[in-house]
Amino acid sequence: MKTLSIALVAATLPLTACAAQTARAAPGKAPGMVSAADPRASAAGVEILKAGGSATDAAIATMLALNVVEPQSSGIGGGSFWVSHAAKTGKVTTIDARETAPAAADTRWFYAPDGTPMDHMQAVPGGRSVGVPGALRGMALAHRQSGRLPWARLFEPAIRLARDGFQATPRFRNSVASYGRHLTPEAQATFNIPASGIVRNPAQAALLGRIAAQGPDSFYVGPQAQKLVAAVNGAARNPSKMTTGDLASYDAKPRDPLCVPYRSYRICGMGPPSSGGVTVMMILKQLERFDMGKLGKDSPVAWHLFAESSRLAYADRNLYVGDPDYVRVPVAGLLDPAYLASRSALISPAATMARVAAGTPPGAPARTPAPVSEVAGTTDLAVADRDGNVVEVTTTVEGPFGSGLVVDGTVLNNELTDFDTVPVDAGYLVANRVEGGKRPRSSMAPTIVYDAAGKVRLAVGAAGGSTIIAQIAKALVGVLDWNLSAQESIALGLVYAPGPGATLEAGSSAAALQAGLTALGERVQVAPMGLKANAIEWRRGRWVGAADPRSEGVAIGEDGSISDISRMAPVVNRPSE
């Protein structure tokens with residue numbers, strides 16, 4: 001509940017203020033802002049901003065704190081995607097810190113001994129689903145590029161939280177109750193909630209202390225790497241074939257950002273192996289010929305158009321997107337204006353398409369569609385510093401508590417289940433098939449939006465498996481077409497249509513659209529969804545934060561302000577987030 005989040009902020013801020021060297025915003029410069037899915041994590045980022053840290057420094061500290069207080073969603077045992085804006089140059093950079101499959105992985109990695117493919121829930125528990133973690137390498141690369149404070153300083157808030165303990169929130173309790181059986185006995189003991197409600201993780205505090213003192217290499221080589229490999233290869237369920245060489249050879253990769261115009265704005269995001277950026281952009285570009293602003297947020301026609309555009313974009317996403325180091329992804333063709341115009345022409349305001357199939361963009365290789373397999377999980381954060389640098393990061397261990405394995409108090413991901421299990425479909429190799437060293441396709445979509453003057457207007461990201469794409473597209477339509485605040489846009493109910501039919505978010509504004517969408521030929525159901533988003537935006541000369549009312553997160557300013565609390569209507573927490 002938001003009331004609990006606000007109380008946690010009030011309890012946390014004095015602690016961080018005492019620990020930080022207070023640095024006021026320079027005259028004429030707006031105070032920085034941090035938005036994250038937990039108030040303790042937001043406060044950790046603010047502590048670093050006050051100590052003179054950059055947006056990158058604050059993002060790293062926020063991620064590390066989330067590792068402690070929201071271990072079911074993210075951590076250094078997982079991966080991340082970064083999108084950053086440099087205020088001095090206006091340059092957009094992106095970092096791919098997605099996990100990789102061990103070199104020994106092959107196309108039958110998730111097949112049972114009897115030769116049949118495992119279903120998703122068979123494949124998740126144990127060692128086989130664990131990819132080589134990339135989050136820490138991503139932090140290190142980002143810190144080399146634009147960090148200001150010493151590496152070790154960024155770990156201090158997280159180490160305090162792990163060592164001294166943190167109050168278990170309703171979301172954390174729900175996650176343990178719902179997914180505790182998925183954890184190994186060691187992991188269950190790590191996240192056991194005592195009667196006091198104060199959870200301590202001394203093993204994790206010690207691990208973070210070692211990485212802070214010895215640097216990121218200490219996680220990827222030597223005793224720590226050996227311990228991780230032993231855990232996944234010796235797992236009671238689905239043992240892996242990972243080697244210490246797999247960890248030692250891992251690198252986060254700078255990738256070229258994707259940017260497209262949308263009306264008077266420029267939208268920039270992450271390219272493959274994330275499918276999030278390109279799919280969000282396709283949805284918006286296919287909608288651009290419609291007057292979404294005039295239709296408005298309460299119009300069934302507007303949401304019907306949104307659903308139809310989503311179907312077309314998801315179909316292409318499922319067919320073509322994979323790791324660009326292993327398969328040819330026709331990104332330029334998917335974003336080609338003529339191709340998008342041809343796809344948009346399939347959308348009618350008055351009727352629903354009888355059939356949706358992937359198109360043939362310029363440069364398309366021969367491929368065959370594969371099912372969407374991501375589950376709701378993940379977390380997101382957005383940071384701006386007083387100099388105008390902006391960082392948007394989405395980070396994950398995949399499903400709730402990842403693989404169920406824990407090493408030194410830290411959850412290991414189940415990211416490899418984002419691959420498509422069956423490598424061949426209708427005689428063609430699937431783009432997102434398992435291969436050694438390959439990065440699985442992701443829906444994560446950290447996004448930065450620029451106004452007509454080239455200034456950052458909005459940074460937004462989300463969690464929730466393949467719903468991430470629809471959440472970001474919805475938020476962008478809300479801000480850019482419907483003139484809503486980022487907070488209002490995030491809070492809007494979601495219409496999620498990755499294929500035939502559509503799901504309307506239960507208990508939200510979307511549920512009221514059921515009759516109107518049905519009249520347009522949509523086949524709809526109303527159901528709960530695990531959604532969670534965070535954002536910062538530039539409004540009236542200052543940074544304003546936004547946090548999802550479905551989550552416990554808040555946005556905190558460097559000046560101590562807590563953004564848009566009055567608009568944070570409570571929504572029932574869902575343990576799958």
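Just so it is clear, the structure is predicted and the values come from calculations on it, not from any experiment.
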J.: Would a 4.5 Å heavy-atom cut-off, applied to side chains only, mark Ile60 and Thr56 as touching?
T.: yes
J.: Compare every heavy atom of Gly402 with every heavy atom of Val124, then report the nearest pair and how far apart it is.
T.: CG1-O, 3.7 Å
J.: Is there a side-chain contact between Ile556 and Val34 in this structure, where contact means two heavy atoms from C-beta onward sitting under 4.5 Å apart?
T.: no
J.: Once you round to the nearest 0.5 Å, how far does CD1 of Ile76 lie from CZ of Arg137?
T.: 12.0 Å
J.: Check the pair Ile469, Ser275 against side chain to side chain contact (heavy atoms under 4.5 Å, CB included), reporting the backbone distance first and the verdict last.
T.: CA-CA 8 Å; Ile469 293 165; Ser275 67; 4.0 Å; yes
J.: Would you find a donor on one side and an acceptor on the other, under 3.5 Å apart, between the side chain of Asn413 and the backbone of Gly77?
T.: yes
J.: Backbone N or O of Asp418 within a donor-acceptor pair of the His120 side chain at under 3.5 Å?
T.: no
J.: How close do Pro549 and Ile490 get, counting heavy atoms only, and between which atoms?
T.: CD-CG2, 4.3 Å
J.: Quick check: does any side chain N or O of Arg550 sit under 3.5 Å from a backbone N or O of Ala533, one acting as donor and the other as acceptor?
T.: no
J.: Do Val477 and Lys297 come within less than 4.5 Å of each other through their side chains, counting heavy atoms only?
T.: no
J.: Is Leu136 close to Met139 at the side-chain level, that is, under 4.5 Å between some pair of heavy atoms?
T.: yes
J.: Flag the pair Phe155 / Leu208 as yes when at least one side-chain heavy-atom distance between them is below 4.5 Å, and no otherwise.
T.: yes
J.: Measuring only between side-chain heavy atoms, which start at C-beta, is Thr169 closer than 4.5 Å to Arg40?
T.: yes
J.: May I ask you to say whether Asp96 pairs ionically with Arg98, meaning some side-chain N is under 4.0 Å from a carboxylate O?
T.: no
J.: Hey, is Lys50 close enough to Glu558 for a salt bridge, meaning N to O under 4.0 Å?
T.: no
J.: Determine, stepwise, if the pair Gln224 / Gln226 fulfils side chain to side chain contact (heavy atoms under 4.5 Å, CB included).
T.: CA-CA 5 Å; Gln224 195 65 48; Gln226 293 166 7; over 6 Å; no
J.: Determine, stepwise, if the pair Phe172 / Val199 fulfils side chain to side chain contact (heavy atoms under 4.5 Å, CB included).
T.: CA-CA 10 Å; Phe172 185 82; Val199 179; 4.0 Å; yes
J.: Is the backbone N or O of Pro133 less than 3.5 Å from a side-chain atom of Tyr220, with the two atoms forming a donor-acceptor pair by type?
T.: yes
J.: Rounded to the nearest 0.5 Å, what's the gap from CE on Met242 to CZ on Arg128? Could you check?
T.: 11.0 Å
J.: Got a donor-acceptor contact below 3.5 angstrom from the Arg181 side chain to the Ser178 backbone?
T.: yes
J.: Does the distance from a Lys or Arg side-chain N to an Asp or Glu carboxylate O, for Asp387 and Lys29, drop under 4.0 Å?
T.: yes
J.: Below 4.0 angstrom, N of the basic side chain to O of the carboxylate: do Glu505 and Lys474 qualify?
T.: no
J.: Determine, step by step, whether Asn201 and Val68 satisfy the side chain to side chain contact (heavy atoms under 4.5 Å, CB included) criterion, reporting the C-alpha distance in whole Å, the side-chain angles of both residues, the deciding distance to 0.1 Å, and the verdict.
T.: CA-CA 8 Å; Asn201 195 337; Val68 178; 5.5 Å; no
J.: Check this for me, if you would: do Glu47 and Arg153 make a salt bridge, where the nitrogen-to-carboxylate-oxygen distance has to be below 4.0 angstrom?
T.: yes
J.: Is a side-chain N or O of Ser42 found less than 3.5 angstrom from the main chain of Val554, in a donor-acceptor match?
T.: yes
J.: Are Asp559 and Arg542 close enough for a salt bridge, meaning some N to O gap below 4.0 Å?
T.: no
J.: In terms of ring plane angle, is the pair Phe401 and Phe191 parallel, tilted or perpendicular, where the classes change at 30° and 60°?
T.: tilted
J.: Should Thr396 and Thr378 be marked as a side-chain hydrogen bond (donor to acceptor under 3.5 Å, both in side chains) after you check the CA-CA gap, both sets of side-chain angles, and the distance that decides it?
T.: CA-CA 4 Å; Thr396 187; Thr378 314; 2.9 Å; yes
J.: Any heavy-atom pair between the side chains of Val479 and Val460 that's under 4.5 Å?
T.: no
J.: Taking side chain as C-beta onward, heavy atoms only, is Asn67 less than 4.5 Å from Thr410?
T.: yes
